[in-house]
A.B. asks: 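The structure that follows is given in the form of structure tokens.
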There are 2 protein chains.
Amino acid sequence: MSHFTKQVEENYLKALFKLKSREIKKVNNIALATYMELNPATVLEMMRKLADKNLVQVLPDKSIQLTETGERKAILIIRKHRLWEVFLVDKLKYKWNEVHDLAEQLEHIESDDLVNRLEEFLKFPAFDPHGDPIPDKNGKIKLNATIPLNLGKKGKTYTVKSFAETEDAFLDYLTNINIQPGTKITVLDLYEYDGSSSVQINNNKLHISEKVAQNILVQLKK
Amino acid sequence: MSHFTKQVEENYLKALFKLKSREIKKVNNIALATYMELNPATVLEMMRKLADKNLVQVLPDKSIQLTETGERKAILIIRKHRLWEVFLVDKLKYKWNEVHDLAEQLEHIESDDLVNRLEEFLKFPAFDPHGDPIPDKNGKIKLNATIPLNLGKKGKTYTVKSFAETEDAFLDYLTNINIQPGTKITVLDLYEYDGSSSVQINNNKLHISEKVAQNILVQLKK
DNA sequence: ATAATATATTTGGGATACCAAATATTTTTC
DNA sequence: GAAAAATATTTGGTATCCCAAATATATTAT
């Protein structure tokens, strides 16, 4: 096994986990290849290897699923990623929208003990800087019942909890329009035509696209 | 360029730097291959690639040298390594002899900004947990005039400053015999026959081999 | 100086992760 | 149900990093 096989493998597992939590429909070869920006042939080849290792399962309808082992691995990588993000923001004073790429590197550092010590050092944070829950060392994730903002109801006010997308371009946009976990958003109008909506944030009115609203996860304000 | 080319390259540069600081004689292909536990053919091939990139130079006598650029890169990797070691010991409460392998992973995280922030977070430490100096962000190394313990004089007392070897087996041994940076060692006797010596550490007499003594770097106690 | 030894280099090959293009197969649409 | 579109798979090929074994070239010892 090459030195870097493990890191590559981890990227596939993580991608599968993310796609699964993000999409309703089944994850197929093309979807995974598109998401990972890889050639379908490459992905197919790798799926066979991962299936041999009992990390994924290809169902008769060709959809790809993580096995229990695979999902567990994926969750532990995400745990690492999110804990490192907390470190970068809390200790090294990075902004919450600057840390994704660094955490993407740090998540591959191989040592369970290190992650557990990091968690303790950070005082067992429940959420990362984007508001996503941090799985515990057994892979348990506290659920944070949220809906995407585009399913919000006209006139209601919601609290931003987390985001379904962690690309820098998206996070930069959010910073720009002043949205972060904890922000209160009131849905003023929903436009069926393109799925966009008009919202109010701290006395500012704003128009946001469906794509953006889908990636903002909120809870009804009590 | 593959994803991991950079990491591989960094390992070669670091190995060359370490060999250079450790040995008097020239570093040749075999020495480097032996040190890195790689086949000479592999190393030769890589030296050509690194020479093309102006990171190393192969002299007419076949000895291998880092170029200025190569050395600079090597030093910055060592800087990262040592800063992460401080983090692991000071913040995550690792013992100083447990951190080498983890730092070996962390040193490849790619971000100058991250290292500089880490340094600031750690309050600009001058030495790592093994007593080795931490280069500054420009690659400057504070020198710590030391001699290997095997060159110590009978009857003199020395202060342990750092170590010339960072393998776990060696560090474990040191922990066992209670030697760390700061420890005072008195040379009681030197045996020419095998280069071993008899020393006193905190009222305990101890016999150490030449190999061990060579890797313990000390300063005469004032 | 020659044999023995050490070092350097070449040659041919392997594993991993990737791709583009061709070919199957399945699904959708009309 | 046939054509079009989407998806899946195969095939042939690339780059990187690695090795073992053969060969060439130095170096050392006698």
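Reminder, nothing fancy here: chain letters follow the sequence lines and each chain counts from 1.
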A.B. asks: What residues, two or more places apart in sequence or in another chain, satisfy ring-ring contact (aromatic ring centres under 6.0 Å, His included) together with B:Tyr191?
C.D. replies: B:His207

A.B. asks: To the nearest Å, how far apart are A:Asn39 CG and C:dT16 C1'?
C.D. replies: 16 Å

A.B. asks: Starting from P on D:dA8, measure out to NZ on A:Lys26 and report it in whole angstrom.
C.D. replies: 12 Å

A.B. asks: May I have the distance from A:Gln7 (atom CD) to C:dA17 (atom P), rounded to whole angstrom?
C.D. replies: 11 Å

A.B. asks: CG of B:Asn11 versus P of D:dT16: gap in Å, rounded?
C.D. replies: 17 Å

A.B. asks: Is it the case that the side chain of A:Arg82 and the backbone of A:Pro133 share a donor-acceptor pair, with hydrogens and angles ignored and the cut-off at 3.5 Å?
C.D. replies: yes

A.B. asks: Is any side-chain N or O of A:Lys62 closer than 4.0 Å to OP1 or OP2 of C:dT25?
C.D. replies: no

A.B. asks: Measure from CD1 on B:Ile30 to P on C:dT5 and round the result to the nearest Å.
C.D. replies: 16 Å

A.B. asks: Classify the nucleic acid contact of B:Glu37 as base, sugar-phosphate or nothing, counting any heavy atom under 4.0 Å across all strands shown.
C.D. replies: sugar-phosphate

A.B. asks: Nearest whole angstrom, please: distance from the P of D:dC17 to the CD of B:Glu9.
C.D. replies: 8 Å

A.B. asks: Between B:Tyr12 and D:dT16, is there a side-chain N or O to OP1/OP2 distance below 4.0 Å?
C.D. replies: no

A.B. asks: How many Å lie between CG on A:Leu38 and C1' on D:dA8, as a whole number?
C.D. replies: 16 Å

A.B. asks: Once side chain to side chain donor-acceptor pair (under 3.5 Å) is applied, do any residues pair with A:Lys14, and if so which ones, sequence neighbours excluded?
C.D. replies: A:Glu104, A:Glu107

A.B. asks: Suppose we screen for side chain to side chain donor-acceptor pair (under 3.5 Å). Which residues come up paired with A:Asn116, at least two apart in sequence or across chains?
C.D. replies: A:Arg79

A.B. asks: Output yes when at least one side-chain N/O atom of A:Thr5 is less than 4.0 Å from OP1 or OP2 of C:dA17, else no.
C.D. replies: yes

A.B. asks: Using a heavy-atom distance cut-off of less than 4.0 Å, which residues of residues 42-50 of chain B contact DNA chain D?
C.D. replies: B:Thr42, B:Glu45, B:Met46, B:Lys49

A.B. asks: In terms of relative ring orientation, are B:Phe121 and A:Phe121 parallel, tilted or perpendicular, with 30° and 60° separating the classes?
C.D. replies: perpendicular

A.B. asks: Whole Å only: how far is the CZ atom of B:Phe4 from the C1' atom of C:dC18?
C.D. replies: 12 Å

A.B. asks: Run the salt bridge (Lys or Arg N to Asp or Glu O under 4.0 Å) test against A:Asp189 and tell me which residues pass, sequence neighbours left out.
C.D. replies: A:Lys154

A.B. asks: Would one find a side-chain N or O of A:Asn29 under 4.0 angstrom from OP1 or OP2 of D:dT7?
C.D. replies: no

A.B. asks: With sequence neighbours excluded, what pairs up with B:Asp90 under the side chain to side chain donor-acceptor pair (under 3.5 Å) test?
C.D. replies: none

